[in-house]
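Here is the structure we will look at, set down as structure tokens.
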Amino acid sequence: MSDKIEIPMPTSASSAPLIDPFAREISYLRVSVTDRCDFRCVYCMAEDMTFLPKADVLTLEELARLCNAFVDMGVRKLRLTGGEPLVRRNIMWLIRELGKRLNGGGLDELTLTTNGSQLAKYADQLFAAGVRRVNVSIDTLDPDRFRAITRWGRLEQVMSGLEAADRAGLAVKINAVALKGVNEDELADMLQWCGDRGYDMTVIEVMPMGDIGGENRVDQYLPLSMVRSKLAERFTLTDIPYMTGGPARYMRVEETDGRLGFITPLTHNFCESCNRVRLTCTGTLYMCLGQDDAADLRAPLRASETNLPLADAIREAISRKPKGHDFIIDRRRPRAPVARHMSVTGG
Ligand code: SAM
Ligand code: SF4
């Protein structure tokens, strides 16, 4: 007789790690808490953008429950984004709730990507809730250009936000989208400015997401290989093996001792190490930034007070995570290959 004991496997483990079909462990969730924004950046939205009906948007309590379920299943990093996350009413409630999972509660990091317009108001509260780093998107340091790119934004307001972030003790990384003929002549000065202020900087290639009205992405597209050559005329850039599981590759800027990241989804494939999924404010989970396949988590969330149907739906979704994306910017295919806007999944 064997003394081996058969232990029944739980049919719906809500706490086992999330592993996709390509053996990638999903440990990073990006959550777009709203698709609304107080800016209208030319590469992101049309000026007369139509937003999701408010009735479809999850409550903050529902978003907290969803995020907590992911943390229970092994997600260790949460990034709130949007639209502009800090324009959602009562957003600090959600951030404080999620902050409770830091320091031994399963979460290693809670962070935000923001346009900075509301940072002056929120920087201290963010720090108090456990946020230690924020990504702030600024594509230019020229106030007139800033207005032209964001349509509705004021650089001065964002600068006050950055000062508040510095005072509060938040580390800042600047995200800049490289735009042909718009800010390409300024990226070296911005890199120096970031170095002077102790900020890392990430340059992002324009991604073909969503209809942006009259603007044409082929005209906006600037390959980062060109940006790198230009920056290398002024700075010594040394590749470093700093990996986040995301689409950025990093360099050390020897002159400033800062870090420079390049996000190049169009010219380089970063998918094999992808550890992330993206949740929209309506509870739709996108397993890949560059694909339209998605899973509805709102129905299972609302179907039960326990998280079991939700956990099953999350696992089923992760089992469909594709190997990679196929973004393309092509003059012969002027329509955006991914129909949704970046503000839906938050980049
Ligand atoms: N509103 C916040 C902000 O601007 O940081 C968070 C959301 S925004 C969609 C996140 C990032 O995506 C920003 O750095 C923005 O510049 C970038 N972004 C938006 N649309 C993009 C596009 N089509 N291609 C590349 N980056 C884009
Ligand atoms: Fe708003 Fe960010 Fe999109 Fe600009 S990039 S319109 S700030 S969501």
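Keep in mind that what you see is a predicted model, and the values were worked out from it rather than measured. Remember, it's 1-based here, ligands and their atoms both numbered in the order they're listed.
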Quiz item: cation-pi between Arg228 and Phe262, 6.0 Å / 45°: no
Lys/Arg N to Asp/Glu carboxylate O, Arg133 vs Asp200, below 4.0 Å: no
Arg76 and Tyr28 side chains, donor-acceptor separation under 3.5 Å: no
Atoms of ligand 1 close to Val177 [distance to a heavy atom under 4.0 angstrom, numbered from 1]: 16 (O), 26 (N)
Proximal ligand 1 atoms for Val206, defined as those under 4.0 Å from one of its heavy atoms: 24 (N), 25 (C)
Cut-off under 2.8 Å, centre atom 4 (Fe) of ligand 2, protein N/O/S atoms: Cys41 SG
Polar atom proximity, Thr113 to ligand 1 (N or O, under 3.5 Å): no
Residue pair Thr256 / Gln192, side-chain heavy-atom distance below 4.5 Å: yes
Sub-4.0 Å heavy-atom contact, Ala176 with ligand 1: no
Test item, Met45 contacting ligand 1 (heavy atom, 4.0 angstrom): no
Contact (N/O only, under 3.5 Å) between Met207 and ligand 1: yes
Nearest option to atom 7 (C) of ligand 1, as decided by whichever heavy atom of Ser137, Gly82, Cys37 sits closest: Gly82
Any N/O pair Glu84/ligand 1 closer than 3.5 Å: yes
Residue Cys44 vicinity, atoms of ligand 1 by number, heavy atom under 4.0 Å: 19 (C), 20 (N)
Contacting atoms of ligand 1, where contact means under 4.0 angstrom from a heavy atom of Asn175: 14 (O)
Whether over 12 other heavy atoms sit under 6.0 Å from Asp185 CG: yes
Residue list, side chain to side chain contact (heavy atoms under 4.5 Å, CB included) with Phe51, at least two apart or on another chain: Asp35, Arg36, Arg40, Met45, Met49
Distance in Å, Leu191 CG paired with Arg259 CZ, rounded so as to fall on 0.5 Å steps: 13.0 Å
Arg151 charged N/C atom sitting above Phe39 aromatic ring, 6.0 Å / 45°: no
Atom pair CD1/CG of Ile204 and Asp139 - distance to nearest 0.5 Å: 8.0 Å
Ligand 1 to Gly83 polar contact by distance, N or O atoms, under 3.5 Å: yes
Non-hydrogen side-chain atoms of Gln157 and Gln118 separated by less than 4.5 Å: yes
Element-labelled atoms of ligand 1 that are located less than 4.0 Å from some non-hydrogen atom of Thr81: 6 (C), 7 (C)
Polar contact flag for Thr114 and ligand 1 (N/O pairs, less than 3.5 Å): yes
4.5 Å side-chain heavy-atom contact, Arg234 and Val253: no
More than 12 heavy atoms from other groups under 6.0 Å of NZ on Lys77: yes
